[in-house]
Amino acid sequence: MTGYRSIRETEKAVRAKLGGTPVKYEQMAAVSNIYRAASAVRQHFENSVLRGAELTWTSFVVLYVVWIWGEMETRYVAEEAGISKGTLTGVARTLAGRGLLERRGHPGDGRLALLRLTGEGERLMEKVFPLFNAEEAFVADGLTDEECRTLADLLRKIVVQTEEKGEERRLELLDGAEPAPRRSGRRAKEPLGEGLERR
């Protein structure tokens with residue numbers, strides 16, 4: 001079987017594969033479904049309301065953060081958007097090129113930079129956000145208002161657990177060591193023999 005598998009097919013395959021392995025299925029299902037739900041929602045938004053505005057999910061989130069909080073240091077924008085500073089640099093450059101975002105030096109510290117929306121960026125967010133919210137209502141249409149509140153509260157608990165206790169847990173898992181730098185997934189280059197050069 002190839003191609004997309006439904007959530008029910010995936011859950012059945014996982015149970016079949018893990019069979020006798022001692023696994024906390026309820027917690028695994030919760031975390032797995034957070035990921036699947038986030039991916040499904042992101043894909044839906046990028047292929048609908050954000051497509052019309054020529055925005056990716058990440059570029060929308062960056063605009064949203066600066067729209068809500070006003071002018072901010074780039075490091076805080078990246079943190080709030082949940083992306084790396086390097087990713088923010090590229091996204092901010094693209095948005096600035098479209099006239100939606102403005103970058104300027106920090107008046108008190110030349111090493112820092114600030115981001116703010118332009119008038120055009122403000123107008124775009126005022127136009128796009130109601131459409132975005134309509135799609136939020138669409139994807140949550142199978143839930144009652146009470147279920148939406150419960151889901152939001154439960155997800156908030158997961159966020160708080162990770163934010164407040166995640167660092168301690170990572171240090172425990174890594175035996176106190178700092179995490180290794182992230183890799184792109186590419187294999188490391190193999191050393192060449194003596195006297196050889198890579199072309």
Side-chain angles (χ1 to χ4, degrees), residues 1-14 28-72 74-103 115-160 162-163 182 184-185:
M1 182 177 180
T2 59
Y4 176 79
R5 272 107 171 159
S6 72
I7 193 167
R8 288 185 179 89
E9 291 170 321
T10 301
E11 288 170 348
K12 185 177 176 183
V14 167
M28 180 178 69
V31 173
S32 175
N33 288 340
I34 289 170
Y35 174 78
R36 285 184 73 108
S39 295
V41 167
R42 179 176 180 153
Q43 186 173 27
H44 172 74
F45 278 72
E46 286 192 332
N47 289 329
S48 59
V49 64
L50 297 180
R51 178 72 54 92
E54 297 181 16
L55 294 172
T56 63
W57 178 270
T58 304
S59 61
F60 173 80
V61 171
V62 167
L63 289 174
Y64 178 80
V65 166
V66 181
W67 185 51
I68 294 297
W69 294 106
E71 186 172 60
M72 291 178 73
T74 52
R75 59 183 167 165
Y76 298 131
V77 175
E79 191 176 297
E80 285 288 324
I83 58 177
S84 70
K85 288 183 274 186
T87 298
L88 176 63
T89 298
V91 171
R93 187 177 295 128
T94 299
L95 293 172
R98 289 183 57 192
L100 303 173
L101 199 63
E102 197 172 74
R103 179 186 172 108
L115 294 177
R116 67 177 168 197
L117 293 190
T118 61
E120 179 100 8
E122 290 278 350
R123 287 187 291 277
L124 178 68
M125 288 305 292
E126 287 165 8
K127 177 183 170 188
V128 169
F129 186 74
L131 303 174
F132 188 93
N133 184 243
E135 292 314 300
E136 290 176 317
F138 166 77
V139 299
D141 192 49
L143 304 175
T144 65
D145 288 351
E146 183 60 33
E147 287 172 327
C148 285
R149 283 189 289 273
T150 299
L151 177 61
D153 288 342
L154 294 173
L155 292 172
R156 192 174 292 113
K157 285 183 178 182
I158 288 176
V159 171
V160 168
T162 308
E163 287 180 347
R182 289 186 184 165
S184 66

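Index from 1, following the sequence.
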Is the number of heavy atoms from other residues, nucleotides or ligands within 6.0 Å of CD (Glu136) greater than 12?
-> yes

How long is the span from the CD atom in Gln43 to the OG atom in Ser48, to the nearest 0.5 Å?
-> 10.5 Å

Rounded to the nearest 0.5 angstrom, the CG-CE distance for Asn33 and Met28 is 9.5 Å

On the 0 to 90° scale, with breaks at 30° and 60°, tag the Phe129-Tyr64 ring pair as parallel, tilted or perpendicular.
-> parallel

Heavy atoms, side chains only, cut-off 4.5 Å: are Thr89 and Thr74 in contact?
-> no

Any side-chain heavy atom of Leu115 sitting closer than 4.5 Å to one from Leu88?
-> yes

Between Leu143 and Cys148 the two heavy atoms that sit nearest each other are CB-SG, 3.8 Å

Can you list every salt bridge (charged side-chain N to carboxylate O under 4.0 Å, His left out) pair that touches residues 116-135, not counting sequence neighbours?
-> Glu71-Arg116, Glu102-Arg116, Glu120-Arg123

Just checking, any donor-acceptor pair under 3.5 angstrom between side chains of Thr118 and Arg98?
-> no

Pairwise distance CD(Glu147) to CG(Leu154) - rounded to 0.5 angstrom | 11.0 Å

Say you draw a straight line from CD1 of Ile158 to CG of Asp153; how long is it, rounded to the nearest 0.5 Å?
-> 12.0 Å

Look at the rings of Phe132 and Phe60 and say which category their plane angle falls in: under 30° parallel, 30 to 60° tilted, over 60° perpendicular.
-> parallel

Residue pair Ile83 / Val62, side-chain heavy-atom distance below 4.5 Å = yes

For Val91 and Thr58 the tightest heavy-atom approach is CG2-CG2, 4.0 Å

Nearest-0.5 Å distance that lies between atom NE2 in His44 and atom CG in Leu50 | 9.5 Å

Measure the shortest side-chain to side-chain distance between Leu63 and Val128 over non-hydrogen atoms and say whether it is less than 4.5 angstrom.
-> no

With no hydrogens and no angle check, is any side-chain donor or acceptor of Ser59 less than 3.5 Å from a backbone partner on Leu55?
-> no

For the student: nearest non-hydrogen atoms of Trp57 and Glu46, plus distance | N-OE2, 2.6 Å

